[in-house]
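This report refers to the structure that appears directly beneath it.
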There are 2 protein chains.
Amino acid sequence: MIKTYTIKEVAEKFDLSVSQIRFYDKKGLLPFVSKNDSGYRIFSEADLQLIHTIVCLKNTNMSIKDIKQYIDYVMEGPDTIELRKKLLNKHRRAVIQQQKLLAENLKEIDFKLDRYNSSNAYDIIREQFAYLMNEKHVNSN
Amino acid sequence: MIKTYTIKEVAEKFDLSVSQIRFYDKKGLLPFVSKNDSGYRIFSEADLQLIHTIVCLKNTNMSIKDIKQYIDYVMEGPDTIELRKKLLNKHRRAVIQQQKLLAENLKEIDFKLDRYNSSNAYDIIREQFAYLMNEKHVNSN
DNA sequence: ATAAACGCTAAACCATGGTTTAGGGCAAGA
DNA sequence: TCTTGCCCTAAACCATGGTTTAGCGTTTAT
């Protein structure tokens, strides 16, 4: 007998909430999931692989709409390989952009932290504070 | 005379929309911005520096609520340095977590792309597709 | 055989981070 | 001076990605 999983088991496996999975299903992300006679969702191993992919795309901030597009391609079978490649390559570039943005801005946060950690932090900050307040005064004239 | 900026100029400088800036102001992120006699916002150079910080925190996905907390500390003056450090350090760790998540999942996307790009991609995908569809059939018995 | 745990849908509700619209005042150039 | 462009607020509206609730059926362990 082939091992199957309940919605709760899948939720735990992927650290999703049960309602999140139902939400994704409603949005058309899980057209491959079958149901038993009582209407309960039954997840196969092959389903888990696809859900893994969905989670991967979600973790890299792909929108549900775009994930649905990808899944729709998968459901159409192997003739959509080129379309899937195009979609994933586009997403790949978007992820690299996100990484770049995070890295650049993290550098600035580290820079700020360094200043806060410096021995004369208090003096620097006090002066900046004065500068900020001082201009207010000038401007209101 | 000290150079000042209009809301539109600031929007362009930081690639924000004018309504976004007004929205941030309404949320309490810009308590330092003064207004002229006509009620127009006037941005000083010192203001721009703080807005730069806000954008930096926003770019690393800090919530508006937390950005407001940081700005509130700034407005209280240099006595809040320790609190600011604590907040920024916590955020720093969150950013590093984001980076880790992105990197891990990008690796998987690249792995999928490699498969799609392999010479026998069509066969692999056709087999996976059959596997997915086949289990459906088994399960529905 | 029954209680507790689990599953289902549909619909309402929510938080976040905005945009849009309406209605009106101010500024700058022709 | 007057038109065009810019600024303002308040309030409505929106998209996204969910969670919660109500009402009801199923499964499982005791």
Side-chain angles (χ1 to χ4, degrees), chain A residues 1 3-44 47 51 54-71 91 94 98 101 105 139-140, chain B residues 1 3-44 47 51 54-71 91 94 98 101 105 139-140:
Chain A
M1 188 50 189
K3 166 89 175 133
T4 62
Y5 302 84
T6 67
I7 194 170
K8 198 191 178 196
E9 286 168 340
V10 175
E12 280 162 4
K13 241 181 215 305
F14 291 100
D15 200 25
L16 301 169
S17 69
V18 166
S19 55
Q20 225 175 334
I21 294 178
R22 291 206 265 249
F23 174 73
Y24 290 163
D25 196 2
K26 191 163 53 175
K27 287 296 176 179
L29 264 51
L30 313 177
F32 47 86
V33 173
S34 44
K35 293 189 175 182
N36 69 13
D37 293 340
S38 314
Y40 286 25
R41 289 175 188 83
I42 291 174
F43 299 81
S44 70
D47 294 346
I51 290 175
I54 290 172
V55 167
C56 176
L57 297 175
K58 192 205 87 165
N59 282 342
T60 48
N61 304 305
M62 186 183 279
S63 72
I64 284 183
K65 211 174 248 184
D66 286 353
I67 297 176
K68 175 170 166 34
Q69 178 66 85
Y70 182 77
I71 294 296
H91 182 58
Q98 289 182 63
L101 194 67
N105 287 277
N139 284 333
S140 63
Chain B
M1 188 50 189
K3 165 89 175 133
T4 61
Y5 302 85
T6 67
I7 194 169
K8 198 189 178 197
E9 287 167 338
V10 175
E12 279 162 6
K13 242 182 214 305
F14 291 100
D15 199 26
L16 301 169
S17 69
V18 167
S19 54
Q20 224 175 334
I21 295 177
R22 294 202 185 110
F23 173 73
Y24 291 163
D25 196 1
K26 192 162 51 175
K27 288 295 176 179
L29 265 49
L30 313 177
F32 47 85
V33 172
S34 45
K35 295 188 173 182
N36 71 14
D37 292 340
S38 314
Y40 288 25
R41 288 176 188 81
I42 291 173
F43 299 81
S44 70
D47 293 346
I51 291 175
I54 290 171
V55 168
C56 176
L57 297 175
K58 192 206 88 167
N59 282 343
T60 47
N61 305 305
M62 185 182 281
S63 72
I64 285 184
K65 209 175 250 185
D66 285 354
I67 297 175
K68 175 169 165 38
Q69 178 65 84
Y70 182 78
I71 294 296
H91 182 59
Q98 291 182 63
L101 194 65
N105 287 277
N139 285 334
S140 63

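Letters go in sequence order (proteins before strands), and every chain restarts at 1.
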Report summary line: Taken in chain and number order and not counting sequence neighbours, the residues that satisfy side chain to side chain contact (heavy atoms under 4.5 Å, CB included) with B:Ser19 are B:Ser17
Report task. Check side chain to side chain contact (heavy atoms under 4.5 Å, CB included) between A:Asn59 and all other residues, then give those that pass, not counting sequence neighbours. Result -> A:Val55, B:Leu101, B:Asn105
Which side-chain N or O atoms in residues 23-31 of chain B pair as donor and acceptor under 3.5 Å with protein atoms at least two apart or in another chain?
from	atom 1	to	atom 2	distance (Å)
B:Tyr24	OH	B:Gln20	NE2	3.1
B:Asp25	OD2	B:Arg41	NE	2.7
B:Asp25	OD2	B:Arg41	NH2	3.4

Report summary line: Whether each nucleotide of nucleotides 10-18 of chain D has a protein heavy atom under 4.0 Å at its base (B), only at its sugar-phosphate (S) or at neither (-) is summarised, 5' to 3', as -------BB
Query - End-to-end axis angle, where each axis spans five pairs of the helix from C:dA1-D:dT30 to C:dA30-D:dT1, to 10° - result: 10°
Report summary line: In this structure, CD1 of B:Ile64 is separated from CG of B:Leu57 (nearest 0.5 Å) by 11.5 Å
Report summary line: Contacts of A:Asn61 meeting side-chain hydrogen bond (donor to acceptor under 3.5 Å, both in side chains) (sequence neighbours excluded), chain-then-number -> A:Gln98
Query - Pairs where residues 11-20 of chain B contributes a residue and the test salt bridge (Lys or Arg N to Asp or Glu O under 4.0 Å) is met, not counting sequence neighbours - result: none
Requested in this report: Using atom NZ of B:Lys8 as one end and atom C1' of D:dC7 as the other, report the distance to the nearest whole Å.
Outcome: 11 Å
Report task. To the nearest Å, give me how far apart CD1 (A:Ile7) and P (C:dA5) are. Result -> 19 Å
Report summary line: Under a 4.0 Å heavy-atom criterion, the protein footprint on nucleotides 22-29 of chain C, written with B, S and -, is ---BBS--
**Report entry** Under the side-chain hydrogen bond (donor to acceptor under 3.5 Å, both in side chains) test, residues paired with B:Asn36 that sit two or more places apart
**Finding:** none
**Report entry** Reported CZ-to-CZ distance for the pair A:Phe43 and A:Phe32, which is rounded to 0.5 angstrom
**Finding:** 8.0 Å
Requested in this report: Please state how far atom CZ in A:Arg22 lies from atom P in C:dG7, giving the value in whole angstrom units.
Outcome: 7 Å
Report task. Please lay out, stage by stage, how A:Asp66 and A:His91 fare under the test side chain to side chain contact (heavy atoms under 4.5 Å, CB included). Result -> CA-CA 9 Å; A:Asp66 286 353; A:His91 182 58; over 6 Å; no
Query raised in the report: Partners of A:Lys58 by salt bridge (Lys or Arg N to Asp or Glu O under 4.0 Å), sequence neighbours excluded?
Result: none
Query raised in the report: Does OP1 or OP2 of C:dG7 have a side-chain N or O of A:Arg41 closer than 4.0 Å?
Result: no
